[in-house]
Amino acid sequence: RTKGYQRGSHTLFTREMGIEIRERAVLMQHLHKAFDAERLYLMYQPQIDLSNRRIIGFEALLRWRTDDGQMIPPTDFIPLAEHSGLIISLGAWVLRTACFTMMQLLEKGFELDRIAVNVSVIQFRQPEFIKLVERALHDSGLAPHYLELEITESVTMNGAGMFEEALAGLKTLGIQIAIDDFGTGFSSLSYLDKLPVDRLKIDRAFVTQIDTSAGPRIAELITQLGKKLNVKIIAEGIETELHWDVLQKMGCDEGQGFLIARPMLESAIEPWLRSWK
Ligand code: C2E
Ligand code: MG
Ligand code: MG
Ligand code: MG
């Protein structure tokens, strides 16, 4: 993308950008088709209590495998879906599917606390969003406290008043709210204090940072902030025993990451739950 710029060639730069826009449009068409053809599916990553290894639940993560077997990461196609508006129906499908999966696990007798579902700002802005959540819960039979919506920090901070109102509405349903990728956006702390948030998610970047000379500074700050605000803290991206150890010692309640398990297919959940010690 920056190649043309580096060469000082304005023409090349524009041409490459043109290609990129065309590619995006093609990708968007493919994404719409993929949704129709059910080439999109969910993977589930376990979340555990770091102090006693108890499995708390799962985060649902969206996947797209194209017809030729290529995996497109959600960080690539979610923005596309947001741009085209597809995220509204796609997000509704994610929400319902996750609720039904969770309900099945509970009915099978697994003792889990929650299913976490990522929600895009575009979905959140929809006036009908609360009704959608209500319907997903009702149709699946899932009690509201089992559902946690993960909202990214950037979402929370623009359109403050509207956001507060929407959150309050969702909270009256009895669901839980987590702020995702916490520490990477631009939070207003005074604002955070007022929001009905149940959990802050330490972004993976700050867990990775534990290995560097910067150490666990930011993760620790977020954990302390959580204690003061009386909200739970969960860390994502736990990849090593050291990460787990350091996070647990600083008082981080919960975590998820490749060390514990990679996101898995729904069919892999039960065997995994039985094998976890
Ligand atoms: P996120 O919500 O912060 O999800 C955590 C991401 O970190 C996931 O990437 C997960 O696979 C990855 N991860 C977890 N543990 C580890 C680890 O130990 N090491 C490494 N390297 N990675 C780890 P994924 O599944 O690629 O999702 C990326 C982002 O896409 C998510 O970040 C979320 O913002 C978005 N996303 C995924 N599914 C959905 C969805 O259904 N709706 C919306 N709106 N966004 C979604
Ligand atoms: Mg998330
Ligand atoms: Mg996250
Ligand atoms: Mg993240």
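Values below: all heavy atoms of this structure, side chains included; hydrogens, waters and symmetry mates excluded. When a ligand or atom number is given, it counts from 1 through the structure's own listing order.
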As a test of understanding, state which of Q256, E59, R262 forms a side-chain hydrogen bond (donor to acceptor under 3.5 Å, both in side chains) with Q45.
Q256

Rounded to the nearest 0.5 Å, how far apart are CD1 of I179 and CD1 of I202?
14.0 Å

Considering only heavy atoms, which of Q256, Q45, R63 lies nearest to atom 15 (N) of ligand 1?
Q45

Is the shortest distance from a heavy atom of E59 to ligand 1 less than 4.0 Å?
yes

To the nearest 10°, how many degrees is the angle N118 OD1 to the Mg ion (ligand 2) to E150 OE1?
90°

In ligand 1, which numbered atoms sit nearer than 4.0 Å to a non-hydrogen atom of P74?
24 (P), 25 (O), 26 (O), 27 (O), 28 (C), 30 (O), 37 (C)

Would a distance-only check, ignoring hydrogens and angles, find a side-chain to backbone donor-acceptor pair under 3.5 Å from R39 to T66?
yes

Of all the heavy atoms in G91, does at least one lie under 4.0 Å from an atom in ligand 1?
no

Note: ligand 1 atoms sitting under 4.0 Å from heavy atoms of G237 are 15 (N), 16 (C), 17 (C), 18 (O)

Near E239 (heavy-atom distance under 4.0 Å), the atoms of ligand 1 are 17 (C), 18 (O), 19 (N), 20 (C), 21 (N)

Considering the heavy atoms of V94, write down every atom of ligand 1 situated less than 4.0 Å from one of them.
41 (O)

Examine distances only and state if a side-chain atom of R53 and a backbone atom of K277 form a donor-acceptor pair shorter than 3.5 Å.
yes

Taking both backbone and side-chain atoms of F258, is any N or O found less than 3.5 Å from an N or O belonging to ligand 1?
yes

Strictly distance-based, threshold 3.5 Å: is any side-chain N or O of Q47 a donor or acceptor partner for the main-chain N or O of G57?
no

Determine which of the N, O or S atoms in D180 is closest to the Mg ion (ligand 2) and give its atom name.
OD2

List every atom of ligand 1 that sits less than 4.0 Å from any heavy atom of G257, numbering the atoms from 1 in the order shown and giving each element.
15 (N), 18 (O)

Applying ring-ring contact (aromatic ring centres under 6.0 Å, His included), which residue pairs with at least one partner in residues 48-71 are found, sequence neighbours left out?
W64-F77

Exactly one of E254, E148, E150 should register a salt bridge (Lys or Arg N to Asp or Glu O under 4.0 Å) with K201. Which one does?
E150

D181 side-chain N/O to D203 backbone N/O, donor-acceptor pair under 3.5 Å:
no

Any N or O on T75 sitting closer than 3.5 Å to an N or O of ligand 1?
no

Please list all pairs passing the ring-ring contact (aromatic ring centres under 6.0 Å, His included) test where one or both residues lie in residues 240-273, with sequence neighbours left out.
W272-W276

Which ligand 1 atoms does P263 reach within 4.0 Å, using its non-hydrogen atoms?
11 (O)

